[in-house]
Asks: 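What follows is a structure written as structure tokens; I'll ask about it next.
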Amino acid sequence: MAPAPTKTHCPYCSLQCGITLDTSGGRVELAPQRDFPTNRGGLCAKGWTAADLLGHPDRLTGPLIRDDRGSPLRRASWNEALERVVAAFQRAQRDHGPNAVGCFGGGGLTNEKAYQLGKFARVALRTSAIDYNGRFCMSSAAAATNRSFGIDRGLPFPLADIAQADVILLVGSNPAETMPPAMQFFDEGRDGGAKHIVVDPRRTATAARADLHLQPVPGTDLALANGMLNVIAREGLIDEEYVAARTTGFEAVRRGVRLYWPDRAERITGVPENDIVVAARMLAKADRAMILTARGAEQHSSGTDTAQAFINLALALGLPGRPFSGFATITGQGNGQGGREHGQKCDQLPGYRRLDDPVARAHVARVWGINPADLPAPGQSAYEMLSGMGSSGGVRALWVLASNVAVSAPNALHVAERLKALDFLVVSDIFLSETAALADVVLPTSQWAEESGTMTNLEGRVIMRRAAIAPPGDVRSDLDVMSDLAKRLGAQGFSADPKEVFEELSRASQGGKADYRGISYERIEAGDGVFWPCPSAMYPDTPRLFVEDFPTPDRRAHFHVTEQQGAAELPDDDYPYYLTTGRVLRQYQSGTQTRRVAALADGDGGPVAQLHPTLARRVGVGDGEKVRLTTRRGEVVMTARMDRGIRPDTVFAPFHWGGAACINRLTNPELDPHSRMPSFKVCAVAVSPAGADAEPVTSREGD
Ligand code: SF4
């Protein structure tokens with residue numbers, strides 16, 4: 001009898017759609033799981049074509065090394081490659097101290113790998129230099145929800161609750177393109193009479209379905225939230241009972257938003273005063289209302305305060321903890337949630353513990369069998385670490401896993417220079433990404449359908465990724481490589497078995513905010529996953545948070561006063577427009593995977609900049625012609641596409657391409673002071689015709 005198809009999950013975004021992989025016919029047949037709660041049989045084009053990654057001819061199948069900086073990469077044995085890594089790490093630490101070796105992880109790593117990488121850095125390398133690409137993704141929302149609610153779980157309720165809300169305010173999110181199967185819950189709500197308000201400078205596919213579309217100037221969402229709260233306060237629509245019983249700090253916020261009269265909010269945001277009033281009333285008068293934010297609101301130099309302003313709005317309306325209501329943030333990367341819980345952040349220990357907390361240090365050191373005093377101090381955030389690489393006091397040897405920082409980091413030309421300035425770079429990946437192409441050693445790693453482990457989706461649901469096939473060639477799993485490298489560095493206690501690592505992770509997380517102690521592989525396998533926090537195997541998990549109270553010391557949620565700061569870089573005579581960036585339907589993150597899937601690349605038209613026809617006319621660029629985008633950090637040439645749905649003062653460009661079309665060559669690395677999130681979503685740009693002789697930028701690899 002043929003084996004049953006393997007139940008697992010799509011390798012891409014945080015929806016983690018349930019799929020099955022049938023290998024009985026000698027090839028991998030992918031199908032959606034009809035009954036998995038986040039996709040209920042739906043998949044987007046990325047999910048449907050994910051199996052194309054498995055046998056791809058570009059796949060790395062063995063370690064590669066360079067004999068010296070000028071020579072090409074050549075095939076090597078694992079022993080030669082790992083000995084090269086160990087020698088380089090030891091040399092850097094001998095010459096420059098323990099923090100001269102850094103690790104850079106990713107939000108696509110399984111929980112086990114993210115956990116083990118944090119332990120590897122602190123125990124095997126004794127370095128404080130570790131951070132990950134989730135710093136570029138969710139950190140502002142995480143900082144705001146941690147300080148306000150005492151916990152950072154993207155959705156504090158199951159995704160299906162969205163269908164039950166009467167009014168939804170969706171800020172800076174475009175799920176119709178980034179996670180299409182999730183739209184079934186929005187559509188179901190609207191079919192039942194729900195009203196949706198979308199805040200986005202572009203009329204995206206999501207905004208086009210909404211009842212009200214607000215198009216603020218990029219970087220002004222905070223003023224919009226404060227303007228709405230001003231209306232709600234003046235019209236007596238505050239849930240005073242909830243505010244008194246379950247929160248602190250509201251009176252200062254009430255005073256603060258008095259200055260955000262709707263006409264002033266209109267002057268700041270460009271959103272008509274009447275729309276601000278209408279949106280505020282719609283939200284306040286709903287029985288069940290939700291406010292959902294995503295990267296559009298968060299990737300700013302004041303991203304934490306912007307997320308906070310929408311939390312203030314939700315708390316003033318008494319939404320968090322009420323049925324089918326609340327505030328939530330939509331996570332992006334596949335394991336963006338779990339990847340930020342278990343220790344690959346520069347200031348964090350497993351279970352969402354703080355590295356500077358003596359009690360947390362003692363607990364985790366006990367699990368790891370080391371002296372708490374041997375744990376390093378918190379290190380630098382992602383961009384700070386990348387920006388200082390190769391310099392005195394900076395990282396000299398770096399290990400990058402599951403991240404393509406040469407494309408995904410802001411100010412990417414500078415980051416590429418710093419990568420080249422390293423004494424040694426080792427990259428673990430499945431393909432030769434733009435970052436791997438700069439490496440001294442490249443380690444091929446197993447991918448989603450070739451490995452087992454857990455992921456935590458956008459709902460905080462811990463789910464199981466299951467292996468369906470063996471990896472090709474000489475490929476090894478990241479856990480196996482970490483275990484081997486740790487041994488070679490003289491450290492013990494690094495299992496290569498995901499189940500063993502998860503059991504250790506659950507012990508390390510015990511008592512932390514993200515408590516996984518009650519979660520086991522068996523418990524996940526028994527259903528559709530387990531929602532954290534889950535402190536004991538004896539008790540149910542927690543699909544809905546804040547029903548009774550908040551996990552803060554006083555059990556209340558906290559308001560914080562927020563003031564519109566404006567973008568870190570505003571248009572001027574030299575750079576007269578706003579540039580904003582984001583994702584498109586058929587590509588994912590830095591494109592290392594999706595650019596290689598022919599069915600996706602053929603359908604997306606390549607790197608395209610979106611301009612309003614008025615702006616295009618003003619700068620002399622026609623539809624389909626090449627346009628040059630220039631900021632203080634670099635320039636990029638893309639194909640121009642006219643779109644009447646975007647603000648006439650704003651250009652949108654996707655961030656999925658490298659080389660000449662890498663939009664992150666242009667983005668501003670200015671950091672949010674709380675989250676250390678760069679300002680991906682807004683900077684000042686000049687727009688001009690590129691001319692017919694400009695380099696074409698339509699190749700799949702972006703170069
Ligand atoms: Fe995969 Fe996300 Fe598409 Fe679902 S929505 S198929 S998880 S990329």
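In listed order, ligands and their atoms are each counted from 1. The chain is numbered in sequence order, starting from 1.
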Asks: For ligand 1, does Pro181 get within less than 4.0 Å through its side chain, its backbone, both, or neither, judged by non-hydrogen atoms?
Replies: side chain
Asks: In terms of atom number and element, which parts of ligand 1 are under 4.0 angstrom from non-hydrogen atoms of Gly47?
Replies: 6 (S)
Asks: Starting from atom 1 (Fe) of ligand 1, find the nearest protein heavy-atom neighbour and note its residue, name and distance.
Replies: Cys10 SG, 2.3 Å
Asks: Assess, by modelled atom type and distance only, whether the side chains of Asn133 and Gln333 contain a donor and an acceptor separated by less than 3.5 Å.
Replies: yes
Asks: For atom 8 (S) of ligand 1, which of the options Tyr12, Trp48, Tyr588 provides the nearest non-hydrogen atom?
Replies: Tyr12
Asks: Between Glu434 and Arg665, does any NZ, NE, NH1 or NH2 come within less than 4.0 Å of an OD or OE carboxylate oxygen?
Replies: no
Asks: Of the protein's non-hydrogen atoms, which lies at the shortest distance from atom 3 (Fe) of ligand 1, and what is that distance?
Replies: Cys44 SG, 2.3 Å
Asks: Quick one: does ligand 1 sit under 4.0 Å from the side chain of His9, the backbone, both or neither, non-hydrogen atoms only?
Replies: neither
Asks: Less than 4.0 Å is my threshold; does some heavy atom of Leu43 fall inside it relative to ligand 1?
Replies: yes
Asks: Which atoms from ligand 1 have a heavy atom of Leu15 less than 4.0 Å away?
Replies: 5 (S)
Asks: For atom 2 (Fe) of ligand 1, what is the closest protein heavy atom, and at what distance to 0.1 Å?
Replies: Cys13 SG, 2.3 Å
Asks: Give the numbers and elements of all ligand 1 atoms closer than 4.0 Å to a heavy atom of Met179.
Replies: 5 (S)
Asks: What's the verdict on salt bridge (charged side-chain N to carboxylate O under 4.0 Å, His left out) for Arg59 and Glu450, showing C-alpha distance, side-chain angles and the deciding distance?
Replies: CA-CA 13 Å; Arg59 185 72 191 280; Glu450 303 156 0; 2.8 Å; yes
Asks: Looking at Gln16, which atoms of ligand 1 are within less than 4.0 Å of one of its heavy atoms?
Replies: 7 (S)
Asks: Under a 3.5 Å distance rule, please check whether Arg586 uses its side chain to pair with a backbone N or O of Ala45 as donor and acceptor.
Replies: no
Asks: Please walk me through it: do Glu177 and Arg583 pass salt bridge (charged side-chain N to carboxylate O under 4.0 Å, His left out)?
Replies: CA-CA 8 Å; Glu177 290 200 69; Arg583 287 167 54 187; over 6 Å; no
Asks: If only atom types and distance count, is the side chain of Asp161 paired as donor or acceptor with the main-chain N or O of Phe324 below 3.5 Å?
Replies: no
Asks: Is the distance from atom 3 (Fe) of ligand 1 to some N, O or S atom of Cys17 under 2.8 Å?
Replies: no
Asks: What's the verdict on salt bridge (charged side-chain N to carboxylate O under 4.0 Å, His left out) for Glu525 and Arg466, showing C-alpha distance, side-chain angles and the deciding distance?
Replies: CA-CA 10 Å; Glu525 303 266 13; Arg466 296 176 182 87; 2.6 Å; yes
Asks: Side chains of Thr454 and Asn111 only: does a donor on one sit below 3.5 Å from an acceptor on the other?
Replies: yes
